[in-house]
There are 2 protein chains.
Amino acid sequence: MKGPRNLGDLQLAILRALWDSGEAPVAAVHEALRGRGLALTTIATMLRKMEEKGLVAHRENGRQFLYRARLDPALVQKNLVGDLVAKLFDGDPLELVNHLLRAGEIDLAELDLLRQRVAEAERRARKERA
Amino acid sequence: MKGPRNLGDLQLAILRALWDSGEAPVAAVHEALRGRGLALTTIATMLRKMEEKGLVAHRENGRQFLYRARLDPALVQKNLVGDLVAKLFDGDPLELVNHLLRAGEIDLAELDLLRQRVAEAERRARKERA
DNA sequence: CGGCCACAACTACTCCGGTAGTTAAGGAAA
DNA sequence: TTTCCTTAACTACCGGAGTAGTTGTGGCCG
């Protein structure tokens, strides 16, 4: 239940790559992050460090190591978002949404979609309160 | 226009304290963060480092320094939130809201409020599109 | 006047994310 | 078999956040 709050940029990117692949050798992760122009050994080192901390795990497949994430994406999201909300919005998620709306980050079509989602969530919440 | 994305935990807390006070001596910031059990010199050091980076500024008042934040809260929020959205939700803010809704972070009363806010934002957006 | 106190300045250290070179060992190719 | 390539292991280094002790200096209080 405890995904650490201190995920670096690269670490998160690596996790995302692993979430997408399920299981992947170092080379594949490296390829997925090609945009960053990092050395293969950098990725390997990072993966090893992350394994020490329990963020990922590996199994051997002949020559290669196959890595997989040990964290649930939803959990990581919850932690990171929760952290941000705590630090920036006094722990009130609604303030975050408010910020998004005010900052005009969401366009008209999306607003429409959002309204439906909210209504949905409302129904769900109402039902759950039984 | 460019608030850096790399704000540490303490730095953000300090900024928040300054935003609340407008202008404050080291001792006041220290007091505001008393919950963390930090030494006064720690706060002073941090403030000095932050000044080097242009995050805060000070003016002298007798022998004390009065610090103030040089960053607009809204801007910092925008940067940090934008960063998180980029790293975690492929740059789609709507996905963030979605996550919030699904994770049940927002209760029923708030959902109601949220729906109104969305409708408001929608009206605003529609008008602005002139 | 003399000592104490508040506060800024300087210095030092730890931890960790990020980055990568070098080395070693196993398999493949010539 | 000898060479080379792939890939994991080890080692090293930098920068920045965070933490705090020590020193110096001017003001205040007795």
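Protein chains get the first letters and strands the later ones, always in sequence-line order, with residue 1 at the start of each.
Nearest nucleotide to the side chain of A/Gln64, out of D/dA8, C/dG26, D/dC28: D/dA8. Of the candidates D/dG18, C/dG18, C/dG26, C/dG26 carries the atom nearest the A/Arg63 side chain, counting heavy atoms from C-beta on. Ranking C/dG18, C/dT11, C/dA20 by closeness to the B/Arg48 side chain, first place goes to C/dT11.
The distance from atom NZ of B/Lys87 to atom C1' of C/dG17 is 12 Å, rounded to the nearest whole Å. Across the protein-nucleic acid pair, B/Leu55 atom CG and D/dG18 atom C1' stand 15 Å apart, rounded to whole Å. Following rounding to the nearest Å, A/Gln11 (CD) and C/dC16 (P) show an atom-to-atom distance of 11 Å. Rounded to whole Å, atom P of C/dG17 lies 6 Å from atom CE of A/Met46. Taking atom CG of residue A/Leu47 and atom P of nucleotide D/dA8, one finds them 9 Å apart after rounding to whole Å. Protein atom CD1 of B/Ile43 is 12 Å distant from nucleotide atom P of C/dA8, rounded to whole Å. Note: CZ (B/Phe65) to P (C/dA6) measures 18 Å, nearest angstrom. Atom pair B/Asn61:CG and C/dC7:C1' shows a separation of 13 Å (rounding to whole Å applied).
In this structure, the side chains of B/Lys87 and A/Asp9 come closer than 4.5 Å at one or more pairs of heavy atoms. Side-chain contact between B/Tyr67 and B/Glu23 is absent, with no heavy-atom pair separated by less than 4.5 Å.
Taking 4.0 angstrom as the limit, B/Lys53 places none of its side-chain polar atoms (N or O) nearer than this to OP1 or OP2 of D/dG16.
Across all non-hydrogen atoms, the minimal contact from B/Ala69 to B/Leu18 is N-CD1, 3.9 Å.
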Indicate every side-chain donor-acceptor pair of residues 97-105 of chain B with a distance under 3.5 Å to a residue at least two apart or in another chain.
{"from": "B/Asn98", "atom 1": "OD1", "to": "A/Arg117", "atom 2": "NH1", "distance (Å)": "3.3"}

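For a distance-only test at 3.5 Å, the side chain of A/Lys49 qualifies as a donor-acceptor partner of the base of C/dG18.
Applying the side chain to side chain donor-acceptor pair (under 3.5 Å) test to pairs two or more places apart or on separate chains, those with a residue in residues 38-56 of chain A are A/Glu51-A/His58.
Taking the nucleotide of DNA chain D with the nearest heavy atom to each of A/Tyr67 and B/Asn6, the more 5' of the two is matched to A/Tyr67.
The distance from the CG atom of A/Leu96 to the CG atom of B/Leu80 is 11.0 Å, given to the nearest 0.5 Å.
The stretch residues 17-42 of chain B touches DNA chain D through B/Leu38, B/Ala39, B/Thr41, B/Thr42, each having a heavy atom under 4.0 angstrom from the strand.
Sparse packing is recorded around CZ of B/Arg70, with 12 or fewer heavy atoms of other residues, nucleotides or ligands lying under 6.0 Å away.
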